[in-house]
K.L.:
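I'd like to ask you about the structure that follows.
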Amino acid sequence: MSKPFYITTTLPYVNAKPHIGHAVEFIRADSIARWKKLCGFDVFFNTGTDEHGLKIYQKAEQAHMDPQAYVDKAAAEFKELLPMLGVSPDANFIRTTDPHHIKAAQEFWRIVDKNGYIYKKNYSVKYCVGCELEKTESELVDGKCPLHPLQDLELINEENYFFKFSAFQKPLLDLYEKGGPILGKSKLPFVIPESRQKEIRAFVERGLEDFSISRLKSKMPWGIAVPGDESQVMYVWFDALVNYVSAVGWPDDSFKKWCVDTGGMVQYCGKDNLRQQSAMWQAMLLAAGLPSSQNIIINGFVTADGGVKMSKSLGNTIDPLTLVEEFGTDAMRYYCLRELSPFEDSPCTPERFKDAYNANLANGLGNLVSRVMKMAETNGVKALNGEVKLPDAYETGLSEYNLKKSMDAIWDLIAESDKLIQTKQPFRLMKSNIPERTEGRACIETLLGNIYMIGIALKPFMPDTSKAILDCVDNNNMPAAPLFLRK
RNA sequence: CGCGGGGUAGAGCAGCGGUAGCUCGUCAGGCUCAUAACCUGAAGAUCGCCGGUUCGAUUCCGGCCCCCGCAACCA
């Protein structure tokens, strides 16, 4: 029986179109999922869409659409993106409007309620008469609606259900203290990178406030009904976050394979989700008596040049689909895995993408495969069979969820091979006398070994390219067409 | 004194106590197996500022300046 492994992305809210940040998360999580599969694990890889909430409801209204029809369309856009990014076809795609998820969310609520962590309380919301909308603190400028700064906000009181987040300060701190899985002599932090764990720990240490988990159905009709109270629907937290367990069958016992036997789920998310995933969701799991996650990996943001935030109004956004169409799926994966910082913010522009593509895929990887295979083909040199020992940095990078480190290890091999060709000049040796030819042959065999290793190492990251390289070595011929054409 | 991250060659990053490194770009040379690709070398940095610890600090400590997120219900 192979050991199980469970990894999940966050579910994008279908309020907006897929952006490059989503692509980064899908691609990285997919790479880990593929790697674990190659290591012999039985892998469950989860992603999907978050589809409830007022914003969706309003968008559907604007479009004169039924909310369900609206989210069906929006979810399809995300689902269609996955194959474009090379995400494994066997990835699970959960939608928070799935009947099973709705039942699970309600069951989750009942259990947490039964355990005494849900109560009703007065909740005051700020309402802008001008916009006819409720406003959150982060939407306000100097305590006023930026669109109607002359009007005062009205305070509206309503009864909502609250979650006793405050009861989980100590358990959460213990969870962070306990950390993640053992790795060699060291231990991974619970939240990766460590700087993010520090950040969330500081937040929890400051003290936690209970948060509201329901809305009046009369004001927000598009949501999951609160069990035992027809007048309320669930707010996002007890709806969307529960997908991580509903996706693997919970409340059915089958979930244990993925949440218990694995040592916990591994979660990928953006840094805007630090709090939700590593504090709120973990507290909810504890409240429901469910096992904690194993690791939470926090990605940085993709920015425009100079670290400027991408936004539609600035017109500096990047459409992942456009890049895939121009450069291909594996080029997109390459960029997200190696050119973007694994944990910090990093810039992406079409120019940067193109530069990286030409330098490392066309001139680097693709060209190396061509030149080595040409020498092998014309001289009839075949690869030697032997075990492939991947570089240590490659392995540790993956184990630490630092995929850039693993990619760098592969590109070190490429540089090494280019250097070897230049210093040994096997193409010249092959034209000389017998003894030199033997040396040249040995050199080409070494190079074929390197290429083969690169092909193996690329499997989880760039599956199509990996296959193309391994095929070349197996068939002892040049690629039919350059792997990556210069742009 | 809200929290966190950052300021290192033209750009993007790594290093984190002992001749300052990588990638792209620029310039010169080499090679011809390869996708005008590849290899070598050069130019280019007072490592944000001021103090302190130290034989020695980009690296540790303190202060200051500047940038960027977050500041809870944002899905």
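In what follows, chains are A, B, ... by sequence order, proteins preceding strands, each numbered from 1.
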K.L.:
What's the gap between B:rU53 and B:rU19 when it is taken at their P atoms, as a whole Å value?
P.N.:
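Approximately 22 Å lies between the P atom of B:rU53 and that of B:rU19.
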K.L.:
Distance between the P atoms of B:rA20 and B:rA9, in whole angstroms?
P.N.:
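After rounding to an integer number of Å, I get 15 Å for this pair.
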K.L.:
In residues 276-286 of chain A, what residues come within less than 4.0 Å of RNA chain B, judged by heavy atoms?
P.N.:
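Output list: A:Q276, A:Q277.
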K.L.:
Report the distance from atom CD1 of A:I200 to atom P of B:rA72, rounded to the nearest whole Å.
P.N.:
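Atom CD1 in A:I200 sits about 14 Å away from atom P in B:rA72.
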K.L.:
Who pairs with A:K467 by salt bridge (Lys or Arg N to Asp or Glu O under 4.0 Å), at least two apart in sequence or on another chain?
P.N.:
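Partners of A:K467 under the salt bridge (Lys or Arg N to Asp or Glu O under 4.0 Å) test: A:D471.
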K.L.:
Where each residue is assigned the nucleotide of RNA chain B containing its nearest heavy atom, which of A:H52 and A:F301 is assigned the position nearer the 5′ end?
P.N.:
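Nearest-nucleotide comparison on RNA chain B picks A:F301.
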K.L.:
Holding to ring-ring contact (aromatic ring centres under 6.0 Å, His included), I want the full list of residues that pass it with A:Y161, two or more places apart in sequence or in another chain.
P.N.:
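For A:Y161, the residues satisfying ring-ring contact (aromatic ring centres under 6.0 Å, His included) (neighbours in sequence not counted) are A:W109.
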K.L.:
Where does the angle between the aromatic ring planes of A:F211 and A:W237 fall among parallel (under 30°), tilted (30 to 60°) and perpendicular (over 60°)?
P.N.:
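The arrangement is perpendicular - the two ring planes meet at more than 60°.
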K.L.:
Using a cut-off of 4.0 Å between protein heavy atoms and nucleotide atoms, how would you tag nucleotides 27-37 of chain B 5' to 3' with B, S and -?
P.N.:
---BSSBBB-S
K.L.:
When you measure from every atom of RNA chain B, which of residues 396-409 of chain A have a heavy atom less than 4.0 Å away?
P.N.:
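Correct list: empty, so none.
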K.L.:
Would you mind reading off the distance between A:E158 atom CD and B:rC73 atom C1', rounded to a whole angstrom?
P.N.:
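Taking CD of A:E158 and C1' of B:rC73, I get 12 Å after rounding.
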K.L.:
Is it true that the side chains of A:S341 and A:S346 contain a donor and an acceptor less than 3.5 Å apart?
P.N.:
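Side chains of A:S341 and A:S346: no pair found under 3.5 Å.
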K.L.:
How is A:G207 classified with respect to the nucleic acid when contacts are heavy atoms under 4.0 Å: base, sugar-phosphate, or nothing?
P.N.:
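Result for A:G207 = base.
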K.L.:
Roughly how far apart, to the nearest Å, are B:rC60 and B:rG6 at atom P?
P.N.:
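Here B:rC60 and B:rG6 have their P atoms 11 Å from each other.
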K.L.:
Could I get the full list of side chain to side chain donor-acceptor pair (under 3.5 Å) partners for A:R352, not counting sequence neighbours?
P.N.:
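Per chain and number, A:R352 pairs via side chain to side chain donor-acceptor pair (under 3.5 Å) with A:D305.
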K.L.:
Provide the distance between the two C1' atoms, one in B:rC61 and one in B:rA43, to the nearest whole Å.
P.N.:
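37 Å, rounded to whole Å.
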K.L.:
Side chains of A:V71 and A:R95: closer than 4.5 Å at any heavy-atom pair?
P.N.:
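Side chain of A:V71 against side chain of A:R95, heavy atoms only: contact under 4.5 Å found.
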K.L.:
May I have the distance from A:E209 (atom CD) to B:rC73 (atom C1'), rounded to whole angstrom?
P.N.:
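It works out to 10 Å between those atoms.
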K.L.:
With side-chain contact (heavy atoms from CB on, under 4.5 Å) as the test, would you mind laying out the steps for A:T465 and A:F484 before giving the verdict?
P.N.:
CA-CA 9 Å; A:T465 304; A:F484 299 96; 3.5 Å; yes
K.L.:
A:Y335 has an atom OH; how far is it from atom P of B:rC13, in whole Å?
P.N.:
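Rounded to whole Å, this separation is 10 Å.
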K.L.:
In whole angstroms, how far is the C1' atom of B:rC73 from the CZ atom of A:F203?
P.N.:
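Taking CZ of A:F203 and C1' of B:rC73, I get 10 Å after rounding.
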K.L.:
Should A:I318 and A:V302 be marked as a side-chain contact (heavy atoms from CB on, under 4.5 Å) after you check the CA-CA gap, both sets of side-chain angles, and the distance that decides it?
P.N.:
CA-CA 9 Å; A:I318 294 219; A:V302 181; over 6 Å; no
K.L.:
Apply ring-ring contact (aromatic ring centres under 6.0 Å, His included) to A:Y244 and list each qualifying residue two or more places apart in sequence or on a separate chain.
P.N.:
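Only A:W281 meet the ring-ring contact (aromatic ring centres under 6.0 Å, His included) criterion with A:Y244.
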K.L.:
Compute whether any side-chain donor of one residue and acceptor of the other, for A:Y119 and A:D210, lie under 3.5 angstrom apart.
P.N.:
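Yes, side-chain donor-acceptor contact under 3.5 Å.
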K.L.:
Rounding to a whole Å, what distance do you find between A:W411:CH2 and B:rA14:C1'?
P.N.:
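After rounding, the reported distance stands at 18 Å.
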K.L.:
Distance between the P atoms of B:rC24 and B:rC67, in whole angstroms?
P.N.:
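So the two P atoms sit 32 Å from each other.
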K.L.:
Angle class for the A:Y335/A:F353 ring planes (parallel below 30°, perpendicular above 60°, tilted otherwise)?
P.N.:
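The rings of A:Y335 and A:F353 lie parallel, inter-plane angle below 30°.
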K.L.:
For RNA chain B, what dot-bracket results from Watson-Crick or G-U pairs at under 3.5 Å, with [ ] for crossers and | for inter-strand partners?
P.N.:
.((((((..((((....[..)))).(((((.......))))).....(((((..]....))))))))))).....
K.L.:
Whole angstroms only, please: what is the CG-P distance between A:L208 and B:rC73?
P.N.:
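Atom-to-atom, A:L208 to B:rC73, this comes out as 15 Å.
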K.L.:
Looking for any heavy atom pair under 4.0 Å, which part of the strands does A:P12 touch: base, sugar-phosphate only, or nothing?
P.N.:
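Answer is nothing: A:P12 stays at 4.0 Å or more from every strand.
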K.L.:
Pick the P atom in B:rA14 and in B:rC50, then give their distance to the nearest Å.
P.N.:
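Approximately 24 Å lies between the P atom of B:rA14 and that of B:rC50.
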K.L.:
A:K419 or A:N360: which one's nearest nucleotide on RNA chain B is closer to the 5' end?
P.N.:
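Here A:N360 is the residue nearer the 5' end.
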K.L.:
For nucleotides 5-10 of chain B, just jot down a letter per nucleotide in 5' to 3' order: B, S or -, based on protein non-hydrogen atoms under 4.0 Å.
P.N.:
S-----
K.L.:
In this structure, how many angstroms lie between the P atom of B:rA11 and the CG atom of A:D355, rounded?
P.N.:
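Rounding to the nearest Å, CG of A:D355 and P of B:rA11 are 15 Å apart.
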K.L.:
Quick one: side chain to side chain donor-acceptor pair (under 3.5 Å) partners of A:E326, sequence neighbours excluded?
P.N.:
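Partners of A:E326 under the side chain to side chain donor-acceptor pair (under 3.5 Å) test: none.
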K.L.:
Can you list everything that forms a side chain to side chain donor-acceptor pair (under 3.5 Å) with A:E25? Sequence neighbours excluded, please.
P.N.:
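Result, side chain to side chain donor-acceptor pair (under 3.5 Å) vs A:E25: A:T10.
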K.L.:
Run the ring-centre check on A:F168 versus A:F163 and record whether the distance is less than 6.0 Å.
P.N.:
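Ring centroids of A:F168 and A:F163 are less than 6.0 Å from each other.
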K.L.:
Can you give the donor-acceptor pairs under 3.5 Å from side chains of residues 412-421 of chain A to other protein atoms, not counting sequence neighbours?
P.N.:
unit_1 : atom_1 : unit_2 : atom_2 : d
A:S417 : OG     : A:L413 : O      : 2.7
A:S417 : OG     : A:N450 : ND2    : 3.0
A:D418 : OD1    : A:R371 : NH1    : 2.6

K.L.:
We want to know whether A:N46 and A:N243 form a side-chain donor-acceptor pair, criterion being a heavy-atom distance below 3.5 angstrom.
P.N.:
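Yes.
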K.L.:
Give the C-alpha distance, both sets of side-chain angles, the deciding distance and a yes or no for salt bridge (Lys or Arg N to Asp or Glu O under 4.0 Å) between A:K217 and A:D229.
P.N.:
CA-CA 10 Å; A:K217 190 171 184 176; A:D229 188 341; over 6 Å; no
